[in-house]
Amino acid sequence: MYYRENATITPEFSTEAGKGEITYSFQGKNITITGNSVKGNTGNTSTTVTAKTAHHEVTFKVNVIFKNPFGKHAALDEGENVFKAIDNGVYEKTKGEYGASYYYGASGALKGNGKLLTGNAAMTETEENSYFDVVVKESATKAVRFVYTANADDTYTLTSEYMDGENSYGHAETLRTFDYSDVEIAVMSEGGAAYIFIDKAYCGKVDIGLGDDAHIGVGAANCALTLEMVRDYGNTDEKYADYLAETTRAFGDHIYADLVSDNIFAETETAGVYEKTSRGYGRAFPYADGLPVGGTDWAASFTVNLSSYNSGGLSQAVFPIFQDEQNCVRFAVERRTDTTICIFMDVQTNGGWNGWTPIKEWKSSEDNVTINLKVGYKDGVSYLWIDGELKHSYVRDMGNTQLAMGGENCTIRVSGLQRAEIVLPETEQEPANYAVEALPFRRSDAAEINLSADEKDGD
């Protein structure tokens, strides 16, 4: 019988004449018997009970077990007896070879679209290459899994893999790196895609058109894995809606420097168009398809529009390749009071700015300017494309970086943000820092220095 539930004892007599009142006796408090109803008070226990009548006596055992929602895959003959229920709502896989088991909720197998599984996962007895995975499996040749692997340096890497018509997993992609072994996991099957969340943060998805037989499960290898607080939800639940909303987030945290976006951009009436109307400086971290634009190899293309310029000074939209608050490579679009539009780059190192480099300049007396940009970072090199043409590269290895957007003293509209690939022209063999001349003065963002025509011809 199950812990904290009741079961009915149904006595059977060899003859009607032998029937009589039954008394039950046993030692301890692991169970309670009232009449012919027995209740399990303590899980993982076995109690011997003696039943007596005036003419008969027999013993039997009452085993109190915890419910275990993990079992075989609904369509495949695999996954049984991988997890043991060791406490109420606590399930454990002991260290050993890989094994995965699949979840069953109150309404049956947790499979198909519109399903969410959440829970806490704790790895113990780990070694290098110990891992657990969350699986959304449709068949023996079609499945997605998200793998949380222990590394030698006490970090943990989250990757995605899938098979679509193949006999084994492939197509590995690194999603995030963490520094702890106990995590809150959530996996969602929605619209044919599988989504993974760690500590409520959306980390990635794989879309291979999973169908109604895609059953959600959990597995592990080379470690002991304990699962707690395991819950399932459907697409009519509020919790499901909360997680789904994370997959469409437009701005969010800087996941590497643990920073939050300034609340400066608002969505306009046009979907996918975001506007900053505040005049003060602010910066935000844009997300594409609900995921941060960042890492060690990334690029994003977008269109930026500047309007309603500051009449008394500089107006700027800035797009830093952001390592942290003190370090970044910044690309910017600047509109000066003399109607010059300047696209430039500069570098922040430990809070100080240097290396100001103009990339493109032109005059525009109109009240707004629209520019198509692509910003990228790969192998320690920052790149800027303008209208599809690579215009600048700068070598500075900052490890994991993330795109930021912001500016001041104008209205900034950003639209059409999407991930892009870094494809370099054949002549771009070895990216190098553009030379920056030593100038006798530093242009200030706080004031303009206006030169006459004659002065401009000199140094």
Side-chain angles (χ1 to χ4, degrees), residues 82-84 86 90-101 118-137 143-163 166-187 194-206 217-229 253-259 291-298 321-324 326-327 377-381 395-402 422:
V82 173
F83 287 95
K84 180 181 178 181
I86 62 172
V90 181
Y91 317 102
E92 183 180 68
K93 180 190 181 299
T94 57
K95 187 173 182 178
E97 296 182 353
Y98 178 77
S101 198
T118 67
N120 297 333
M123 300 170 67
T124 56
E125 303 178 46
T126 57
E127 57 191 55
E128 187 177 358
N129 294 322
S130 296
Y131 68 90
F132 77 86
D133 62 3
V134 186
V135 183
V136 188
K137 191 167 190 178
V144 174
R145 71 171 182 166
F146 301 102
V147 187
Y148 198 83
T149 303
N151 304 316
D153 59 356
D154 293 328
T155 62
Y156 299 82
T157 301
L158 177 68
T159 57
S160 66
E161 299 178 349
Y162 70 87
M163 52 182 168
E166 299 130 318
N167 293 321
S168 60
Y169 288 103
H171 318 281
E173 179 182 352
T174 299
L175 303 177
R176 298 254 186 117
T177 299
F178 300 85
D179 57 6
Y180 42 88
S181 61
D182 298 4
V183 292
E184 181 181 346
I185 58 172
V187 62
Y195 298 76
I196 185 67
F197 306 80
I198 299 292
D199 294 338
K200 296 184 173 65
Y202 174 42
C203 296
K205 78 170 183 177
V206 177
V218 182
N222 306 320
C223 66
L225 181 68
T226 302
L227 301 176
E228 297 184 74
M229 300 295 293
D253 297 346
H254 188 295
I255 63 172
Y256 305 108
D258 195 24
L259 300 168
L291 292 170
V293 180
T296 58
D297 182 353
W298 58 265
I321 295 176
F322 200 96
Q323 180 185 22
D324 54 40
Q326 300 295 314
N327 300 280
Y377 176 80
K378 182 177 183 179
D379 298 330
V381 184
V395 179
R396 185 190 182 192
D397 192 350
M398 296 181 285
N400 284 310
T401 62
Q402 197 165 318
I422 293 180

Query raised in the report: Considering only heavy atoms from C-beta outward, does the side chain of Tyr195 approach that of Val206 to under 4.5 Å?
Result: no
Requested in this report: Decide yes or no for Ser168 and Glu161: does some side-chain heavy atom of the first lie under 4.5 Å from some side-chain heavy atom of the second?
Outcome: no
Report summary line: Sorted by chain and number, sequence neighbours left out, side-chain contact (heavy atoms from CB on, under 4.5 Å) with Asp182 holds for Ala122
Query raised in the report: Would you say the side chain of Val135 lies within less than 4.5 Å of the side chain of Val144, judging by non-hydrogen atoms?
Result: no
Query raised in the report: Are the side chains of Gln402 and Tyr256 in touch, meaning some heavy atoms are under 4.5 Å apart?
Result: yes
Requested in this report: Show your reasoning for whether side chain to side chain contact (heavy atoms under 4.5 Å, CB included) applies to Phe83 and Leu225.
Outcome: CA-CA 9 Å; Phe83 287 95; Leu225 181 68; 4.1 Å; yes
Query raised in the report: Between Arg145 and Tyr169, is NZ or CZ placed under 6.0 angstrom from the six-membered ring centre and within 45° of the ring axis?
Result: yes
Query raised in the report: Quick one: NZ on Lys205 to OG on Ser160, what's the gap to the nearest 0.5 Å?
Result: 12.0 Å
Report task. Using the test salt bridge (Lys or Arg N to Asp or Glu O under 4.0 Å), find all partners of Glu127 that sit at least two apart in sequence or belong to another chain. Result -> Lys95
Query - Shortest non-hydrogen separation from Met229 to Asn120 and the atoms involved - result: CG-ND2, 3.7 Å
Requested in this report: Give the intermediate values and the outcome of side chain to side chain contact (heavy atoms under 4.5 Å, CB included) for residues Thr157 and Asn151.
Outcome: CA-CA 7 Å; Thr157 301; Asn151 304 316; 2.8 Å; yes
Query raised in the report: Side chains of Phe132 and Met123: closer than 4.5 Å at any heavy-atom pair?
Result: yes
Query raised in the report: Would Cys203 and Arg176 satisfy side chain to side chain contact (heavy atoms under 4.5 Å, CB included), going step by step from the backbone distance to the final call?
Result: CA-CA 7 Å; Cys203 296; Arg176 298 254 186 117; 4.0 Å; yes
Query raised in the report: How long is the gap from SG on Cys223 to OH on Tyr131, to the nearest 0.5 Å?
Result: 9.0 Å
Query raised in the report: Does Ile185 reach the side chain of Thr118, with side-chain heavy atoms less than 4.5 Å apart?
Result: no
Query raised in the report: Do Asp153 side-chain atoms and Thr155 backbone N/O form a donor-acceptor pair below 3.5 Å?
Result: yes
Report task. Mind listing the closest non-hydrogen atom pair of Gly204 and Leu291 along with its distance? Result -> N-CD2, 3.7 Å
Query raised in the report: Under 4.5 Å between any side-chain heavy atoms of Leu158 and Ile198, yes or no?
Result: yes
Query - Side chains of Glu184 and Glu228 in contact at under 4.5 Å (non-hydrogen atoms) - result: no
**Report entry** Distance flag, aromatic centroids of Tyr148 and Phe178, threshold under 6.0 Å
**Finding:** yes
**Report entry** Least distance between heavy atoms, Gly399 atom then Thr296 atom
**Finding:** O-CG2, 3.8 Å
Query - Closest non-hydrogen atom pair between Ile196 and Ala186, with its separation - result: CD1-O, 3.4 Å
Query raised in the report: For the residue pair Ile255 and Pro292, what are the closest heavy atoms and their distance?
Result: CD1-CG, 3.8 Å
Report task. Any chance you could lay out the side chain to side chain contact (heavy atoms under 4.5 Å, CB included) test for Phe146 and Val187, step after step, and finish with the verdict? Result -> CA-CA 9 Å; Phe146 301 102; Val187 62; 4.3 Å; yes
Report task. Might you point out which heavy atoms bring Met398 and Gln323 nearest each other, and give the distance in Å? Result -> O-NE2, 3.2 Å
Requested in this report: For the residue pair Asn129 and Thr149, confirm or rule out a side-chain donor-acceptor distance under 3.5 Å.
Outcome: no
Query raised in the report: With distance as the sole criterion, is a donor-acceptor pair present between the side chains of Asp133 and Tyr98 under 3.5 Å?
Result: yes
Query raised in the report: Parallel, tilted or perpendicular for Tyr202 and Phe197, by the 30°/60° rule?
Result: tilted
**Report entry** Side-chain donor-acceptor contact under 3.5 Å, Tyr180 with Asp154
**Finding:** no
**Report entry** Whether His254 side chain and Phe322 backbone form a donor-acceptor pair below 3.5 Å
**Finding:** yes
